[in-house]
Amino acid sequence: TAATIDSSGRIFTPANPKFSVYQSVNLANANYTSTATSDVPFDTEEFNVGNRVAISSGAATFTAPVTGYYQFNLMVKMDSTAASSTVSSYLDVNGALINSGDDLAYRNIEDVEGGGYITLSTSALIYVQATQTVKPKLQVGTDASVGLRAGQRFSGFLVG
């Protein structure tokens, strides 16, 4: 009963944890220049199979129910970035930015000087232990005030 195979050979695993959360409204400009990176804000669960993602104080946190390989996707939409030197999005695993500050991290970095809008996209297949957490993070270089746009998303699922 945990898995079904239809007549075309497709396998369905309805208990497999998967989630998608998003930001439903534009957010006013704020300071995301912290050296410790800031939580990416979300306010709406699109789906949450297995009840493994929680939104608290605007931050989304996924907690792994079992050890395995998980695919995570993060899209951060920003405006008012013209004065920013760089913007980075990260996937924080169990409270730590793996290889924080270098290009080996689960990170996307963009040079946005002179641009008004940017969408960061971070995607990674990560081995996560049961009960470990994954959180999306954001850091903006030099500009103390950027806006975040409706439609930014954080999603993930257990691969196996």
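For Arg52, there are no salt bridge (charged side-chain N to carboxylate O under 4.0 Å, His left out) partners two or more places apart in sequence or in a different chain. Among residues two or more places apart in sequence or in another chain, the salt bridge (charged side-chain N to carboxylate O under 4.0 Å, His left out) test is passed with Lys77 by none.
Through direct or indirect side-chain contacts shorter than 4.5 Å among Ile, Leu, Val, Met, Phe, Trp and Tyr, Leu125 is connected to Tyr69, Tyr127, Phe157, Val159. Apart from Tyr22 itself, the hydrophobic cluster it occupies contains nothing, where clustering links Ile, Leu, Val, Met, Phe, Trp and Tyr at side-chain heavy-atom distances under 4.5 Å. Under the 4.5 angstrom side-chain criterion for Ile, Leu, Val, Met, Phe, Trp and Tyr, Met75 has no cluster partners at all.
Across every non-hydrogen atom of Thr67 and Ala130, the tightest pair is OG1-N, 2.9 Å. Here the closest heavy-atom approach between residue Ile55 and residue Val21 is recorded as CD1-CG1, 4.0 Å. When every heavy atom of Val49 is checked against every heavy atom of Asn16, the shortest pair comes out as CG1-O, 3.5 Å. The heavy-atom pair separating Val87 from Met78 by the smallest distance is CG1-CE, 3.7 Å. For Arg153 against Ser20, the heavy-atom pair with the smallest separation is NH1-OG, 3.9 Å. Annotation for Ser80 and Gly147: closest pair CB-N, 4.3 Å, computed over non-hydrogen atoms.
Contact annotation: the side chain of Pro41 approaches that of Gln152 to within less than 4.5 Å [non-hydrogen atoms, C-beta and beyond]. Using a 4.5 Å heavy-atom cutoff, the side chains of Asn29 and Val146 are not in contact. Using a 4.5 Å heavy-atom cutoff, the side chains of Lys137 and Asp39 are in contact. Residues Phe154 and Leu91 meet the side-chain proximity criterion, which asks for heavy atoms closer than 4.5 Å. Residues Ile126 and Tyr70 form no side-chain contact, since every pair of their non-hydrogen atoms from C-beta on lies 4.5 Å or further apart.
With values rounded to the nearest 0.5 angstrom, Ser89 atom OG is found 11.0 Å from Gln139 atom CD. Atom NZ of Lys18 is separated from atom OG of Ser155 by 12.0 Å, given to the nearest 0.5 angstrom. Rounding to the nearest 0.5 angstrom, the gap separating the CZ atom in Arg149 from the CD1 atom in Ile118 is 14.0 Å. A distance of 10.0 Å separates NZ of Lys135 from OG1 of Thr63, quoted to the nearest 0.5 Å.
Phe72 and Phe62 have perpendicular rings, their planes meeting at more than 60° on a 0 to 90° scale where under 30° would count as parallel.
The ring pair (Phe, Tyr, Trp, His ring centres under 6.0 Å) pairs that include a residue from residues 40-60 number zero, where partners must be two or more places apart or lie in different chains.
Using a distance-only test at 3.5 Å, with no hydrogens or angles considered, a donor-acceptor pair links the side chain of Asp43 to the main chain of Ser24.
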Problem set entry | Criterion side-chain contact (heavy atoms from CB on, under 4.5 Å) on Asn26 and Asp79, from CA distance to verdict | CA-CA 10 Å; Asn26 292 341; Asp79 64 28; 5.5 Å; no
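With Pro136 as the fixed residue, the side chain to side chain contact (heavy atoms under 4.5 Å, CB included) test singles out one of Asp92, Leu74, Thr122: Leu74.
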